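Sharing a structure, written as structure tokens. Questions coming.
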Amino acid sequence: MRPFKVVRRRNWQEHIQANAYQTEVLSDPKQQYWVEALPQPFALQFDTQEETAIAAATEQLWQMCVEFLDWFFTDHQPGDVDRRLATLKIRPDYWPAIKASWDRTDPVEDLSLCTRFDLVVTEAGQIKLIEINGETPLLGAETIYQWNWFVDYKRNHQTGPFPLPNDASQFNEFWDMVAGQWRRIADAYNLRQTGISFLVDENLEEDLEMAMQLIQILHDEVDSGIYTQIVYLRGLQDEQGQEVQRGLGLDEEGYFVDHVNDRIPVLWKIYDWSDIQNDMANTQATPVLVRRLEAGDVKVLEPLWKQVLSNKGAMALMWDQFKASDYRPYLLATYFDSDISPEATKLMLEMHVKKPMLGLEGVGTSIETGVGELEKRDTLGYGSEGFVIQDYIELPQAFGYHYMVGSWVINGEAAGIILRGDTSRITGRHCLIIPHVVSDDGLYIARV
């Protein structure tokens, strides 16, 4: 991996607005979300061996996840699965439904659209898994825009001061592989008849943009006639605070319903299962929803079994399960913070990362030693569910940014990468999207 300078295209904001979702934040120079908002933009170059290694690691990690879930949902002794679900602090009312979600094959299994692994790729060639974005894997729109940047740069900016290597490509099959998985889902879930609703938080623009990107792929590559609609979580209001579209509802039989009370047979969501479950508990609607989910009458992307993978407690269980396996080179030692074993205690006294089991985007994460915190993000209400501790690994740096590799896996295959950087060692929501190229030509590389 080598950082190198790129030019800021004169029309970069216009190009984003014409060729991307997430246009507002990507094109805003004040937010510095896209790299061309920086005074000196840069990109990362991987060689083909690194590309191959990341792809192989991604596919092996997915195979590990499948093996893990098979183990997790098997009662080797009576009550094993219930004890594991309790360890992850998943509400007991949902245990039968989440078990059924993983085991279901008739009439069709509960399918997943995509997953993103957050990886640390070191200059020494190590590849380590630090998080699994299984339930709410954002960054799809950004992944696709970096491809549009690459095409435009190669076509129009190779005669400038910072051309890309002549053999440059990009590790980015996201569009095509999402399209392939949409085809499988469309057939298995009969989307041409049922349609599909996309649930977004009306207060989070990135939710809507991710949904619109996925709708574009579905319509452009699968079938433009598939009915789609946006459903808002709490409802949409105008500037005067008047409701203009009602939010997601639940009818008396446990079906999700839209703003006109029509049932939603297939729902894509970017809202955590744990939050949905808390909302249902607050409205005493849990029993009817559980019955419908257990029966498989409502299909949700991502499915209920993904709640296990998204829980950071799963990383501690994976470490315990696979630390002596062929997957170990990709794993970091991880323990529940309540673990009093000698190994966990030793890590607690060394440099480690502490993460809430349900936190997202670095929320509640801290870098600690045995004598105190070195760096910490606000908890924003997370942490009461418990924490894990994970062995610390230094993120690589480029132009003052610590960066990690987000690696997509779709239907068991590696689908490309997206890089996020942060001036903090804890990558947060307000990060920097860094494009990449793949090339074995080092002619234009500038080490930093």
Side-chain angles (χ1 to χ4, degrees), residues 3-45 138-166 168-176 178-179 198 200 202-221 224 228 230 239 270 398-401 403 406 408 415-423 428-439 444 446:
F4 64 100
K5 296 176 182 179
V6 295
V7 298
R8 177 195 285 153
R9 299 166 298 162
R10 284 190 301 174
N11 67 333
W12 69 276
Q13 291 165 295
E14 290 83 358
H15 188 264
I16 287 173
Q17 290 160 5
N19 295 278
Y21 288 96
Q22 280 283 66
T23 57
E24 186 173 330
V25 62
L26 282 169
S27 63
D28 185 353
K30 294 181 180 178
Q31 295 193 54
Q32 295 192 341
Y33 185 58
W34 174 250
V35 75
E36 285 176 289
L38 300 179
Q40 176 55 68
F42 67 97
L44 266 293
Q45 177 181 327
L138 287 164
L139 302 180
E142 294 86 338
T143 301
I144 288 172
Y145 182 70
Q146 71 165 340
W147 173 257
N148 293 332
W149 165 87
F150 170 73
V151 170
D152 180 63
Y153 202 104
K154 284 206 77 173
R155 181 180 297 149
N156 299 311
H157 300 280
Q158 287 297 83
T159 59
F162 304 121
L164 300 181
N166 292 327
S169 61
Q170 193 177 87
F171 181 19
N172 196 340
E173 304 295 329
F174 184 81
W175 177 286
D176 290 338
V178 167
F198 289 76
V200 303
E202 60 278 3
N203 297 317
L204 297 175
E205 185 67 23
E206 61 263 35
D207 287 13
L208 179 61
E209 298 295 322
M210 179 70 173
M212 296 303 295
Q213 182 70 82
L214 294 175
I215 291 170
Q216 181 190 21
I217 299 173
L218 177 65
H219 283 164
D220 287 1
E221 301 293 341
S224 62
T228 61
I230 298 296
E239 294 180 354
I270 203 71
F399 289 88
Y401 284 84
Y403 64 90
W408 293 100
I417 60 175
I418 182 74
L419 276 62
R420 289 181 295 152
D422 203 307
T423 53
R429 180 181 179 190
H430 300 290
C431 57
L432 178 73
I433 302 298
I434 307 167
H436 77 278
V437 300
V438 177
S439 169
Y444 303 111

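What you see is a predicted model; the values in this text were computed from it and never measured.
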* Asked: For A20 and Y145, which heavy atoms make the closest approach, and how far apart are they?
  -> CB-CD1, 3.4 Å

* Whether K154 side chain and A168 backbone form a donor-acceptor pair below 3.5 Å -> yes

* To do: Check whether any side-chain heavy atom of S439 lies under 4.5 Å from a side-chain heavy atom of L164, and answer yes or no.
  => no

* Asked: Just by distance, with hydrogens left out, do E14 and N11 show a side-chain donor and acceptor under 3.5 Å apart?
  -> no

* Asked: Which atom pair, heavy atoms only, marks the closest approach of P29 to Q32?
  -> O-CG, 3.3 Å

* side chain to side chain donor-acceptor pair (under 3.5 Å) between W175 and E221, intermediate numbers included -> CA-CA 9 Å; W175 177 286; E221 301 293 341; 2.8 Å; yes

* Asked: Is there a side-chain contact (heavy atoms from CB on, under 4.5 Å) between V437 and F4 once you walk through the steps?
  -> CA-CA 10 Å; V437 300; F4 64 100; 3.8 Å; yes

* N19 and D152: CA distance, side-chain angles, deciding distance, side-chain contact (heavy atoms from CB on, under 4.5 Å) verdict -> CA-CA 10 Å; N19 295 278; D152 180 63; over 6 Å; no

* **Under the side chain to side chain contact (heavy atoms under 4.5 Å, CB included) test, residues paired with A141 that sit two or more places apart** => Y21, Q22, Q213

* Any chance you could lay out the side-chain contact (heavy atoms from CB on, under 4.5 Å) test for I433 and I418, step after step, and finish with the verdict? => CA-CA 8 Å; I433 302 298; I418 182 74; 3.8 Å; yes

* To do: Give the minimum heavy-atom separation between F399 and P3, together with the two atoms involved.
  => CE1-CB, 3.8 Å

* **Beyond-backbone contact of T228 with H219, side-chain heavy atoms, under 4.5 angstrom** => yes

* **pair F150-P435: side-chain heavy atoms closer than 4.5 Å** => no

* Structure fact -> Interatomic distance, CD@Q170 vs CG@N148, rounded to 0.5 Å, equals 9.5 Å

* With a 3.5 Å cut-off and no angle check, do the side chains of H436 and Q146 form a donor-acceptor pair? -> yes

* **Spacing of L26 atom CG and Q17 atom CD [to the nearest 0.5 Å]** => 10.5 Å

* Quick one: list whatever passes side chain to side chain contact (heavy atoms under 4.5 Å, CB included) with E36, sequence neighbours left out. => R8, R9, W12, W34, P41, W149

* Indicate yes or no: at least one non-hydrogen side-chain atom of I434 is less than 4.5 angstrom from one of R420. => no

* Taking N172 for the side chain and T143 for the main chain, is one N or O donor matched with an acceptor at less than 3.5 Å? -> yes

* Side-chain heavy atoms of L432 within contact of F42, under 4.5 Å -> yes

* **side-chain contact (heavy atoms from CB on, under 4.5 Å) between E206 and V25, intermediate numbers included** => CA-CA 9 Å; E206 61 263 35; V25 62; over 6 Å; no

* **Distance, nearest 0.5 Å, that separates SG of C431 from CG of L419** => 10.5 Å

* Structure fact -> Interatomic distance, CG@L214 vs CD1@I144, rounded to 0.5 Å, equals 7.5 Å

* Asked: Considering only heavy atoms from C-beta outward, does the side chain of F198 approach that of M210 to under 4.5 Å?
  -> no

* Check: V35 and Y401 side chains under 4.5 Å, non-hydrogen atoms -> no

* To do: Assert yes or no for the condition that the ring centre distance of H15 to Y153 is strictly below 6.0 Å.
  => no

* Asked: Is atom CD of Q31 surrounded by more than 12 heavy atoms (other residues, nucleotides or ligands) closer than 6.0 Å?
  -> yes

* Could you grab the distance from atom CG of D422 to atom NE2 of H430, nearest 0.5 Å is fine? => 10.0 Å

